K.L.:
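I have a structure I would like to understand better, so I am pasting it below and will then ask my questions one at a time.
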2 protein chains.
Amino acid sequence: MNENPLVTKLGNFVDLQADDLQLIRAWSLPAIRLATGTTFIAEGDRPERICLLLEGWGYRYKTLRDGNRQILAFLLPGDMCDLHAFILSKADHDIAMLTDATVAFVSGKDVMQAVDSHPRLTRALWWSTLVDEGIAREWIVNLGRRRAVHRVAHLFCELWLRLRMLGMTSDGEFLFPLSQEVLSDAVAMTPVHVNRMLRELRERNLLEFRDKHVAIPDVGRLMSFVDFDPSYLQLERRDLSGDLRHLRS
Amino acid sequence: MNENPLVTKLGNFVDLQADDLQLIRAWSLPAIRLATGTTFIAEGDRPERICLLLEGWGYRYKTLRDGNRQILAFLLPGDMCDLHAFILSKADHDIAMLTDATVAFVSGKDVMQAVDSHPRLTRALWWSTLVDEGIAREWIVNLGRRRAVHRVAHLFCELWLRLRMLGMTSDGEFLFPLSQEVLSDAVAMTPVHVNRMLRELRERNLLEFRDKHVAIPDVGRLMSFVDFDPSYLQLERRDLSGDLRHLRS
DNA sequence: CGATAGTTTGATATCCTTCAAAACCTGTGG
DNA sequence: CCACAGGTTTTGAAGGATATCAAACTATCG
């Protein structure tokens, strides 16, 4: 967690070289504090700069006309929150902070220049947007085909692995700063029912809650409870064998 | 529909230059016929080549251990079916054909070389994966927050617009080769309930079915019925004003 | 014409929502 | 240190949307 979280994340895909690292570190300054609840991208915005999340939790969501909100993704340190909005030139959903956070704003021009001159970095950024897409697809499966208990449990498995990769877990537990209402908008249920499902998970000894922390007594048991398949998170270092070796280095 | 569908699609984002076009056209040969039901990517595969869909319908899906299937996306002409699987080096879901189809296989090496040498084309491909991500996110909203009737109606709005962009609609109608069972796996309902929702849409004069075609008597009415917001499909040509102009051309 | 897949309808079961209220926290001011 | 206010969590009871089960009907194709 001392390393720049974007470096940690992209390093999972390519061996970044000195100049790539320098670029990323330059992007990460100056660090800016944002308060819980700050919306920094609203649907329809045409962002001029890209927000890199360095610390704290954010989320993407859409609000329907009837006021219902669906959370599309949780944003964790290392995530470039609105890269897609910049590339597509127009945001199709809102992004806001769930906790106090620190971010850095990178000018879009800088990123696009880097894209044109650093193919290795470009591929790494592209890769990271594809991982996000994979997460979105698994979210579809979760909402479409899993029962309430499993839906909630699946989300905790995902968060566990993403946070662990960032070094933000310790001893089978992590900081979980979200209210049950926020959770309910992520798993598409009522807060009341989320509450009951959490109780069930507690009673099955799959999860424990203290202060604002979740503990997972036995990660393996939780994962087998939901039949969790982590491959969509692309956590294993890319395999270097095969045709691609010459493209890296 | 005479133009190469990938050119049509990417042309929506950048003005492709002669060499980009040449490359894409070269990718599109030789054209290969695939029969309905062919699976060409299974979860865990590490594809060496990328499949470009030229004609017909495909779909992405995941199958859970209990046998339930969730369709993640429909693939239409111009879609590079497994680009992400190639970039990520491992497929996290299956891809198969819903109709007879014609495709072209591009070697991954060729694509990656193009990526390193044609920044404009790279950005266009990246853009197209981001549009797919936007579609996936809207799918999340659809499954999470819309009632059955609206869920089905929303899907037809999306298909209408995507097909129209490709010139595959005529006169308020299009070829819809899917069974209600396939549809039910896309909208996460039982086939029985899909059937009832289709009846309701028919009774409301929002949709009509003949042979294997759907007709939408009044697209505007269908869209306002679901409160459909097309912005996630990124159909408007990218706005050329602002900081970005120098990056294009 | 029969076989097979897809569509349609009905009756009953269930998961989740909705509505309502109590209990519990957390911070704040007196 | 207590009282109080606002948000969050928890519990209960009843209703509704969708699933499940079962079967008839229809279309298509050899």
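All figures in this text were calculated on a predicted structure; none of them were measured in a lab. In what follows, chains are A, B, ... by sequence order, proteins preceding strands, each numbered from 1.
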K.L.:
Taking CZ from R147(B) and P from dT18(C), how many angstroms apart are they, rounded to a whole number?
P.N.:
6 Å
K.L.:
Distance check needed: dA17(D) P versus H150(B) NE2, whole Å only.
P.N.:
12 Å
K.L.:
Taking atom C1' of dT18(D) as reference, at what distance in whole Å does atom CZ of R146(B) sit?
P.N.:
18 Å
K.L.:
Look at Q180(B) and dA5(C) and indicate whether a side-chain polar atom (N or O) is within less than 4.0 Å of OP1 or OP2.
P.N.:
no
K.L.:
Is any side-chain N of the basic residue among K62(A) and D229(B) closer than 4.0 Å to the acidic one's carboxylate O?
P.N.:
no
K.L.:
Does the distance from a Lys or Arg side-chain N to an Asp or Glu carboxylate O, for D79(A) and R162(A), drop under 4.0 Å?
P.N.:
yes
K.L.:
Return the residues of residues 195-211 of chain B meeting this criterion: a heavy atom under 4.0 Å from some atom of DNA chain D. Order them by number, or give none.
P.N.:
R196(B)
K.L.:
CE of M189(A) versus P of dC15(C): gap in Å, rounded?
P.N.:
13 Å
K.L.:
For D66(A) and dT17(C), what is the distance between atoms CG and P respectively, to the nearest whole Å?
P.N.:
14 Å
K.L.:
For the pair made of CG in L183(B) and C1' in dT8(C), what is the distance, rounded to whole Å?
P.N.:
15 Å
K.L.:
Taking only residues two or more places apart in sequence, or in another chain, which ones meet E173(B) in a side chain to side chain donor-acceptor pair (under 3.5 Å)?
P.N.:
R210(B)
K.L.:
Taking any heavy-atom pair under 4.0 Å as a contact, classify S179(B): base, sugar-phosphate, or nothing.
P.N.:
sugar-phosphate
K.L.:
Can a salt bridge be assigned to the pair R145(A) and D185(B) using a cut-off of 4.0 Å between side-chain N and carboxylate O?
P.N.:
yes
K.L.:
In whole angstrom, what separates R151(B)'s CZ from dA17(D)'s P?
P.N.:
13 Å
K.L.:
Between R137(A) and E133(A) (salt bridge meaning N to carboxylate O under 4.0 Å), is one present in this structure?
P.N.:
yes
K.L.:
Rounded off to whole Å, could you give me the NE2-to-P distance for the H193(A) and dT18(D) pair?
P.N.:
15 Å
K.L.:
Less than 4.0 angstrom from a charged side-chain N to a carboxylate O is my criterion; do R204(A) and E200(A) meet it?
P.N.:
yes
